[in-house]
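Below is one structure, written out as structure tokens; comments come after it.
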Number of protein chains: 2
Amino acid sequence: MSTIKDVARRAGVSISTVSYALSGKRSVSEETRSRVEAAVRALRYRPNAGARILASARTQILALSAPMHDHTYPAAFMTFVRAVTQAAHDHDYDVVLLTECDDAACESISRVVSTGLVDGVVLMDVVGEDARVPLLRALGVPSAVIGLPEDREGMSCVDMDFGRAARMCVARLADAGCVQIGLVGQPQALYDRGLTFAVRFREAFQDECRERGLGAAVTTSDAPGAVARLRTSLHGLDAFVLDCGEYAVEQVLDELRETGEHRLVGAAQGLSIVVGGPSFDPGRFDPPLDAVPVDPVRSGSTAVSLLLGQVDGGTAESVELYAPSWVRHGSVRNGGGLA
Amino acid sequence: MSTIKDVARRAGVSISTVSYALSGKRSVSEETRSRVEAAVRALRYRPNAGARILASARTQILALSAPMHDHTYPAAFMTFVRAVTQAAHDHDYDVVLLTECDDAACESISRVVSTGLVDGVVLMDVVGEDARVPLLRALGVPSAVIGLPEDREGMSCVDMDFGRAARMCVARLADAGCVQIGLVGQPQALYDRGLTFAVRFREAFQDECRERGLGAAVTTSDAPGAVARLRTSLHGLDAFVLDCGEYAVEQVLDELRETGEHRLVGAAQGLSIVVGGPSFDPGRFDPPLDAVPVDPVRSGSTAVSLLLGQVDGGTAESVELYAPSWVRHGSVRNGGGLA
DNA sequence: TTGTAGGCGTTATCAA
DNA sequence: TTGATAACGCCTACAA
């Protein structure tokens with residue numbers, strides 16, 4: 001491996017000139033610059049990461065804390081991880097992936113931060129009272145949170161507005177003439193863990209139904225039979241909101257299939273269905289389903305931008321809850337009150 | 001942030017003594033060691049990553065090249081990524097995740113290697129003629145491949161023996177008395193890309209059926225209707241081998257459900273089904289399915305071990321194809337010829 | 001058992 | 001516009 005010294009010698013200039021020619025942090029004559037560039041190419045020079053980090057106190061690396069536990073949805077995990085790494089690479093950053101949970105997650109974060117391995121930390125999969133949040137604050141490291149922890153003083157957060165998403169689902173169903181709405185929520189464990197997107201969605205769903213005087217029932221997607229469970233507590237059910245994983249959506253459709261009701265999804269006299277906040281494609285079900293999907297790319301790139309803003313000396317504390325948008329596939333009657 | 005200098009001063013020893021006390025690379029008296037440790041705790045000292053990397057030419061970081069394209073299975077991706085990061089952490093290594101595909105994947109790899117950011121590279125999702133393989137060889141960097149590229153001279157590879165897995169599926173079905181076997185393979189795109197596990201499985205399936213004089217038919221899982229397609233080309237179908245994604249497995253079961261055949265899966269006169277090489281749980285289907293699953297933890301930890309062996313000066317070139325093992329859930333009649 | 005000191009490859013300050 | 005040179009923080013021969 002050739003070093004900056006070799007480049008300097010070959011280009012007939014000093015080391016510092018090479019450094020500046022490459023970083024552009026001070027002006028260099030056109031002629032020297034091209035001599036330096038030629039030498040760089042000839043020697044296939046690449047600045048050494050360790051030396052650069054030591055001298056500049058910038059690593060061009062950020063940590064992504066993406067804890068993986070039994071209830072992690074693979075599709076969501078993958079999509080968000082991809083979005084964050086993509087956004088990071090767009091800004092010439094690499095990503096160190098930390099997959100531990102709970103205490104081990106905190107230990108990993110403190111290790112990479114306090115050894116100076118990373119310039120900042122992105123948090124995925126946050127819960128209401130997330131131990132990583134006070135940790136990041138204590139460490140005083142640039143950071144961004146995908147999700148909405150309770151305690152967000154001084155934190156930068158980004159997420160879809162799941163409350164608004166739930167209200168949007170209810171509103172459209174109501175506009176379409178539905179009056180008895182059942183929610184198939186996440187597995188109970190997610191609420192117990194306090195995953196904020198799930199909690200926010202469910203609460204807003206109930207609030208909106210109450211405010212509109214609609215019948216509402218709620219169940220979780222731990223076991224099959226969600227449709228039957230909802231029907232026992234709410235008669236005349238005419239719409240479903242599915243805030244659950246891909247597989248649970250399939251189970252609901254299977255249940256409807258047994259009675260042939262799946263053929264009437266979206267029909268004037270049939271059931272209406274909408275999926276809340278999926279990170280998978282709601283159009284590939286049979287029948288295709290309307291949805292209010294999250295936007296992982298937006299979440300990821302916003303998180304990275306918020307983070308890098310702090311690295312460059314900016315301030316933190318900004319919460320970006322972006323508006324949900326509706327994706328129509330015809331599973332809500334009357335086109336969701338708009339047709 | 002306190003440095004090794006602060007620790008040395010506080011402990012009343014020299015810098016090198018602190019270094020040695022912490023690394024254990026030379027003996028230190030019990031008394032000084034404890035004084036050093038006390039100082040480390042008091043100052044919350046953590047060695048600086050950049051400095052350590054620069055001085056030691058070891059980064060304790062490895063790159064995981066896990067290209068994400070449209071056909072990537074989320075569950076498999078997640079499981080393997082987790083396994084690799086877990087194994088790396090067990091060896092005090094961090095993982096830089098590279099998600100780009102094709103040329104961009106190669107560029108990322110050469111960047112992190114030639115800047116000296118990583119000590120080695122793990123490859124996931126390799127295809128037969130994978131451009132990353134010759135690249136790694138040219139770079140002369142420690143590496144390990146999860147999968148089996150054509151050209152593996154000087155490479156360390158690990159994977160389940162998918163050929164043997166396919167033969168095992170056929171053998172058990174044959175032992176159970178099945179004579180007409182249909183394979184639902186991966187989407188065509190995976191074969192076109194040359195993903196080795198898919199190709200190896202399919203070829204071995206066909207070979208084994210031929211050698212045993214069994215009827216065999218093959219289709220892909222691009223579109224629903226796999227069962228019907230197989231039946232048009234093979235009459236009297238009595239067994240299925242499913243080497244495909246989770247969703248495609250569901251579709252096959254749905255198809256059988258329409259005719260009520262799903263109730264006879266595994267029965268003496270019914271259909272037999274086995275899933276080849278899944279990284280998802282085959283027991284959660286209805287009915288639960290027998291399978292010959294991959295072992296992502298084994299693949300990941302073996303890959304990391306092979307890699308770190310090279311970092312410590314060992315040699316490369318070793319191919320570990322571990323034997324498949326059968327997971328029984330009752331979807332093959334006669335218990336797979338063993339009951 | 002411990003200390004001294006050179007070097008790792010950059011960046012950035014200070015002169016020129 | 002350019003060049004010396006002092007950090008950056010740690011590791012590790014070499015000495016004692």
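The structure presented is a predicted model; accordingly, all values stated were derived computationally and were not measured. What's counted below: heavy atoms across the whole structure, side chains too, no hydrogens, waters or symmetry copies. To find a chain, count down the sequence lines: A is the first, B the second, and so on, and within it residues start at 1.
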Looking at A/R132 and A/D125, does any basic side-chain N land under 4.0 Å from a carboxylate oxygen?
no

Can you give the first and last nucleotides of DNA chain D, 5' to 3', that have an atom under 4.0 Å from a heavy atom of chain B?
D/dG9 to D/dC14

Out of curiosity, B/M155 CE to B/L123 CG, how far, rounded to the nearest 0.5 Å?
8.5 Å

Going by distance alone, is a donor N or O of one side chain under 3.5 Å from an acceptor N or O of the other, for A/D119 and A/Y93?
yes

Under a 4.0 Å heavy-atom criterion, the protein footprint on nucleotides 8-15 of chain C, written with B, S and -, is BBBBBBB-

Does a salt bridge link A/R298 with A/E320, judged by any charged N lying under 4.0 Å from a carboxylate O?
yes

Return yes if a side-chain donor-acceptor contact under 3.5 Å exists between A/S279 and A/T79, otherwise no.
no

B/R35/B/E31 ion pair, N-O < 4.0 Å:
yes

Take A/T302 and A/S305, measure what side chain to side chain donor-acceptor pair (under 3.5 Å) needs, and give me the verdict at the end.
CA-CA 5 Å; A/T302 304; A/S305 297; over 6 Å; no

Axial bend angle, the helix from C/dT1-D/dA16 to C/dA16-D/dT1: five-pair end segments, nearest 10°
40°

What's the separation between atom OG in A/S301 and atom NE2 in A/H91, rounded to the nearest 0.5 Å?
7.5 Å

Can we say B/E100 and A/R82 salt-bridge, meaning some charged N sits less than 4.0 Å from an Asp/Glu carboxylate O?
no

Nearest 0.5 Å, please: how far is CG in A/L54 from CG in A/N48?
10.0 Å

Distance below 4.0 Å between B/S29 side-chain N/O and C/dT2 OP1 or OP2:
yes

